[in-house]
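As structure tokens, the structure follows; a few thoughts come after it.
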Amino acid sequence: MLAPNTAENQHPDHPVVGRLTRDACRLARYGGLEDLKGTPAHAVGALYYYAITQDFGTPDIVIDVGDVVSEWEAAMRCHASQMKTRGYAELRMSSARSLGLSIGVEYAAGFYVNDPVRVDALSDLSLSSRHF
């Protein structure tokens, strides 16, 4: 599950949506609300947060998004009414470019974990920022 980062930022709805998503994942795992009793519980395997208007320190996970960066930028530009006073798309693209360079790719997206990431062995983590 992906959700906006829960840290406060310039848009008050973003952290609220992140917290609502986190809470919904928890409710789903434990059987939900009273109105949903009798429906099976649903375990969400992982919850990761992403930045919308600003970054929140070094991300826990960084993913190469070079193959989809043009689609991502086009999706951001669909919200033209929200970008009248700030170059939001340029800001995010600049951040993605900088993060990408830090891992040796053209563009990257960063994610913040809700819970520790579990792996069976350190050797399962085959790439790192020192890999390039």
Side-chain angles (χ1 to χ4, degrees):
M1 178 72 65
L2 298 175
N5 197 298
T6 59
E8 296 297 323
N9 63 56
Q10 70 183 30
H11 197 298
D13 290 353
H14 298 163
V16 171
V17 170
R19 288 189 296 272
L20 285 171
T21 303
R22 180 198 58 211
D23 294 349
C25 290
R26 182 177 174 82
L27 286 170
R29 184 176 71 215
Y30 292 117
L33 303 170
E34 187 63 36
D35 293 342
L36 298 176
K37 294 295 182 203
T39 60
H42 176 76
V44 174
L47 172 60
Y48 301 105
Y49 301 105
Y50 56 90
I52 295 179
T53 56
Q54 67 195 49
D55 294 313
F56 299 96
T58 303
D60 301 309
I61 297 172
V62 180
I63 298 173
D64 178 356
V65 294
D67 290 346
V68 296
V69 73
S70 59
E71 292 90 343
W72 180 43
E73 183 176 9
M76 284 189 283
R77 293 195 183 282
C78 288
H79 301 277
S81 65
Q82 296 181 16
M83 292 188 258
K84 290 181 180 178
T85 60
R86 188 173 188 187
Y88 172 74
E90 290 79 11
L91 177 69
R92 295 312 310 153
M93 295 304 293
S94 174
S95 179
R97 177 80 174 124
S98 178
L99 191 56
L101 290 171
S102 77
I103 64 164
V105 300
E106 193 170 3
Y107 292 96
F111 297 90
Y112 307 87
V113 300
N114 185 67
D115 300 298
V117 175
R118 178 184 164 188
V119 296
D120 291 328
L122 281 176
S123 59
D124 289 343
L125 302 172
S126 61
L127 295 175
S128 76
S129 61
R130 298 183 185 267
H131 187 65
F132 67 95

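Numbers here are sequence positions counted from 1. FYI, side chains are in, hydrogens and waters are out, and symmetry mates aren't considered; it's all heavy atoms of this structure.
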Taking atom [atom1] of [X] and atom [atom2] of [Y], what is their separation to the nearest 0.5 Å?
X: Tyr112; Y: Thr6; atom1: OH; atom2: OG1; result: 11.0 Å
X: Arg19; Y: Asn5; atom1: CZ; atom2: CG; result: 10.0 Å
X: Ile52; Y: Leu91; atom1: CD1; atom2: CG; result: 12.5 Å
X: Glu90; Y: Arg97; atom1: CD; atom2: CZ; result: 15.5 Å

Can you find a heavy atom in the side chain of [X] that is under 4.5 Å from one in the side chain of [Y]?
X: Arg29; Y: His42; answer: no
X: Tyr49; Y: Pro4; answer: no
X: Asp64; Y: Tyr107; answer: no
X: Val17; Y: Thr21; answer: yes
X: Leu125; Y: Val119; answer: yes
X: Phe111; Y: Leu2; answer: yes
X: Arg22; Y: Asn114; answer: yes

**Complete:** Closest heavy-atom pair, Val44 versus Cys25, reported as atoms and distance to 0.1 Å, is CG2-SG, 3.8 Å

**Item:** Over all atoms of both residues, closest heavy-atom pair of Pro15 and Ala7
**Value:** CB-O, 3.6 Å

**Message:** More than 12 heavy atoms of other residues, nucleotides or ligands under 6.0 Å from CG of Leu122: yes or no?
**Reply:** no

**Message:** Is it the case that atom CG in Asp67 sees more than 12 heavy atoms from other parts of the structure closer than 6.0 Å?
**Reply:** no

**Request:** Indicate, with yes or no, if Tyr50 and Val113 share a hydrophobic cluster defined by side-chain heavy-atom contacts under 4.5 Å among Ile, Leu, Val, Met, Phe, Trp and Tyr.
**Result:** yes

**Prompt:** Does Tyr48 share a hydrophobic cluster with Val16, counting links as ILVMFWY side-chain heavy atoms below 4.5 Å and allowing steps through other members?
**Reply:** no

**Asked** Checking Ser95 side chain against Arg92 main chain: does a donor-acceptor pair fall under 3.5 Å?
**Response** no

**Message:** Could you go through Val117 and Asp60, starting from their C-alpha distance and side-chain angles, then the distance that decides it, and tell me whether this counts as side-chain contact (heavy atoms from CB on, under 4.5 Å)?
**Reply:** CA-CA 9 Å; Val117 175; Asp60 301 309; over 6 Å; no

